[in-house]
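Residue numbering restarts at 1 for every chain, and letters A, B, ... go by the order of the sequence lines. Quantities reported herein were computed from a predicted structural model and do not represent experimental measurements. When reading the values below, keep in mind they use all heavy atoms of this one structure, side chains included, and skip hydrogens, waters and symmetry mates.
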2 protein chains.
Amino acid sequence: MEINQIIDNIYPLTSKSKNLIKETIIEIKFPKGHILFKANKIETSIYFIKKGIARAYAYSDDNQITFWFGKEGDPIVSMQSYVNNQKGYEDVELLEDCVLYELKIEKLQKLFLENIHIANWGRKFSELELIKSEKRLIALQFNTATERYLALIENYPSIIQRVQLSHIASYLGITQVSLSRIRANIK
Amino acid sequence: MEINQIIDNIYPLTSKSKNLIKETIIEIKFPKGHILFKANKIETSIYFIKKGIARAYAYSDDNQITFWFGKEGDPIVSMQSYVNNQKGYEDVELLEDCVLYELKIEKLQKLFLENIHIANWGRKFSELELIKSEKRLIALQFNTATERYLALIENYPSIIQRVQLSHIASYLGITQVSLSRIRANIK
DNA sequence: AAAACTATTTAACAAATGATAAAAACGATA
DNA sequence: TATCGTTTTTATCATTTGTTAAATAGTTTT
C-alpha cells in the first residue's frame, strides 16, 4: 500500500502537512526472516508495511508467543519505545520479503510539537490502534479458541496461506496441537 | 484525585491550555449502582473519576463479562463513541458512590483542532490508554488465570475489598467458581 | 528422486476450567 | 438476634486445553 493512502487512512491531511511527514520517511527493503525489532532495546523508528507481512512475539519461558500480525498498510511500532522511550518486550520478525516505510520517532515527535494537523494525525493514529487493541482484548476474553480462529480466517482468510499455524496458534492463545484439533473438528 | 493532577499526569500543560480544558468540565455525583453508559448508544461525554470505582461490562449470551475497572484518576471512555462517533458495546456501572469530572466529547474535539498543546494532550491520552490495553492483552495471552489473579492483587490490592469476586472472575476471563478454586489453592 | 529438514496432525493421558447444584458465609434489615 | 437475600465456596462430573511423543505431510537441498 502506498504511503499517501496509509497516511490519509489514519487522518486526512493537506498535502503540505502530508509532505512534512513524507520528508521524514524512507523506503527500505528487508528479506524474509529479518528481525526488525529486538526485545529489551529502545527502538528509534516506526514503520508502515508497503508490502509483506510481519509478526511480533515475546518469550514465555522458552517458547515464543506471537501477539500481533501486520500486513500491507499496517504500522509496526514498539509501543514502549514510541510512547515512553523505553525498552520494548517484543521481537518483530518479517515473515516475507518486505518493503517498509521507515519514520524516525524523534522526527515525528518534533512534527507533533510544531504542526497541529500532524499532532491530530498522531492522536488519531493512537486512537485507531487503541480500538484495534480493545477489540482484540475483548475477543480474547469473550470468545472461545474456536470462535477466535473462525473470526481470524473470516477477517483475514489469506493469513492461513501466509503464516504458519504454530504462529497463529500462539496468537489465538492456544498450543499448536490444540489448533490442529480445532481445525479437525470444524471440517 | 483532583482534575489538575489528572490532566497533568497525562501530559503537562500550561495553565492557559489547562484552563481551556477545565472550562469544559463539570463535576457531577452519582450513587452506587448508577449505569453511566448504556450499550448500543453513542455516548457524548467522557469522564474522569475523582472518587469511586466503576466497571465496564458487556453481555456474552446471558451473562455479563467485566472487561475494565476504573478507579480514582482513571478515565471512563466508550472508545467507539469517542474515536468513531459510533455506538459502544459496553455498559458502565458505578460500583460505589462516585464523584466524576465530565467532559463533552464535542467540546474536547473542538479544542483538539484549535490548540496544538491540547491536541498533543489528546494524543498522549490515547497513547497511554493504548499501553494499558496492550499490557492487559499480553497478560491475558501469556499468563495463566492464577498468574493474572496474583498480578491483579499485587497491582491493586484493595480491589478485593471494593469489587465483588464475580466481577473480578469475569475480568480475569474465568468463571466465579474457577476463581474460588484458585483462591483456595493459593492459601 | 532420495534424503534431510520442517510443519502439521494424531494419539494418549494429565491438568485446568466450565456447568450445575448445594452448602456455607456474609450483609442488610426488620 | 433472627430472617431474608446475596455472595462465595465446595463438590461432582463434563469438556476443553496442555503435554509429550510419534506419525504423516510438505519443502528444500543434494
Side-chain angles (χ1 to χ4, degrees), chain A residues 31-35 53 55 57-67 69 93-97 138-153 157-187, chain B residues 31-33 35 53 55 57-67 69 93-97 139-153 157-187:
Chain A
K32 175 175 175 169
H34 178 73
I35 303 295
I53 192 165
R55 71 174 180 121
Y57 61 91
Y59 284 88
S60 176
D61 301 318
D62 260 358
N63 51 334
Q64 298 179 353
I65 298 184
T66 298
F67 62 90
F69 290 116
E93 178 193 7
L94 306 183
L95 300 175
E96 298 174 351
D97 292 346
I138 285 176
L140 212 52
Q141 202 177 340
F142 282 61
N143 301 328
T144 64
T146 303
E147 289 167 341
R148 297 198 299 273
Y149 174 70
L150 291 173
L152 180 67
I153 56 177
S158 66
I159 197 170
I160 301 294
Q161 276 63 258
R162 297 178 80 180
V163 177
Q164 65 183 55
L165 289 173
S166 58
H167 297 154
I168 292 174
S170 75
Y171 177 81
L172 295 171
I174 54 179
T175 60
Q176 182 174 3
V177 174
S178 192
L179 176 57
S180 207
R181 246 182 319 222
I182 286 169
R183 283 160 57 83
N185 284 336
I186 284 168
K187 287 163 197 162
Chain B
K32 175 176 176 170
I35 303 296
I53 192 165
R55 71 175 181 121
Y57 61 91
Y59 283 88
S60 176
D61 302 316
D62 260 358
N63 50 334
Q64 298 179 354
I65 298 183
T66 298
F67 61 90
F69 289 116
E93 178 193 7
L94 306 183
L95 301 175
E96 297 174 352
D97 292 345
L140 213 51
Q141 201 178 339
F142 281 60
N143 301 329
T144 64
T146 303
E147 290 167 341
R148 298 199 298 276
Y149 174 70
L150 290 173
L152 180 67
I153 55 177
S158 66
I159 196 170
I160 301 293
Q161 275 64 256
R162 297 178 80 180
V163 177
Q164 64 184 56
L165 289 172
S166 57
H167 297 153
I168 292 174
S170 74
Y171 177 82
L172 295 171
I174 55 179
T175 60
Q176 182 175 4
V177 174
S178 192
L179 176 58
S180 207
R181 247 185 315 225
I182 286 168
R183 284 160 56 84
N185 284 336
I186 284 168
K187 289 163 198 165

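- Mapping Arg181(B) and His167(A) onto DNA chain C by nearest heavy atom places His167(A) closer to the 5' end of the strand.
- Taking atom CG of residue Asn143(A) and atom C1' of nucleotide dT16(D), one finds them 16 Å apart after rounding to whole Å.
- Along DNA chain D, the nucleotide nearest to Thr146(A) and the one nearest to Ala184(B) differ in position, and the one closer to the 5' end is contacted by Ala184(B).
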Next item on the list: Test Arg162(B) against Leu95(B) for side-chain contact (heavy atoms from CB on, under 4.5 Å), laying out the working first.
Entry: CA-CA 8 Å; Arg162(B) 297 178 80 180; Leu95(B) 301 175; over 6 Å; no
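- Looking at heavy-atom distances under 4.0 Å, Ser180(B) makes contact with a base.
- In this structure, the side chains of Ile182(B) and Ile174(B) come closer than 4.5 Å at one or more pairs of heavy atoms.
- The distance from atom CZ of Arg183(B) to atom C1' of dT10(D) is 14 Å, rounded to the nearest whole Å.
- Note: CD1 (Ile182(A)) to P (dT15(D)) measures 16 Å, nearest angstrom.
- Note on Thr175(A): a side-chain N or O is less than 4.0 Å away from OP1 or OP2 of dG18(D).
- Protein atom CD1 of Ile174(A) is 7 Å distant from nucleotide atom P of dG18(D), rounded to whole Å.
- As judged by a 4.0 angstrom heavy-atom cut-off over every strand, Thr144(B) is placed among residues making no nucleic acid contact.
- Taking atom OH on Tyr149(A) and atom C1' on dT17(D), their separation rounds to 17 Å, with Å as the unit.
- Side-chain contact between Ile186(B) and Tyr149(B): present, with at least one pair of heavy atoms (C-beta onward) separated by less than 4.5 Å.
- Going from atom CG of Asn63(B) over to atom C1' of dA19(C) covers 11 Å, rounded to whole Å.
- Between the CD atom of Gln176(A) and the C1' atom of dT24(D) there is a distance of 13 Å, rounded to whole Å.
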key: side-chain contact (heavy atoms from CB on, under 4.5 Å) assessment of Ile168(A) paired with Arg183(A)   = CA-CA 12 Å; Ile168(A) 292 174; Arg183(A) 283 160 57 83; over 6 Å; no
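- Distances were taken from every side-chain heavy atom of Val177(B) (C-beta onward) to each of dT19(D), dT8(C), dT20(C); the shortest belongs to dT20(C).
- Taking atom CG of Leu165(A) as the reference point, atom C1' of dT24(D) lies 15 Å away to the nearest angstrom.
- Between Ser166(B) and dT7(D), a side-chain N or O to OP1/OP2 separation shorter than 4.0 Å is absent.
- Checking side-chain atoms of Asp97(B) against main-chain N and O of Lys32(B) turns up a donor-acceptor pair under 3.5 Å.
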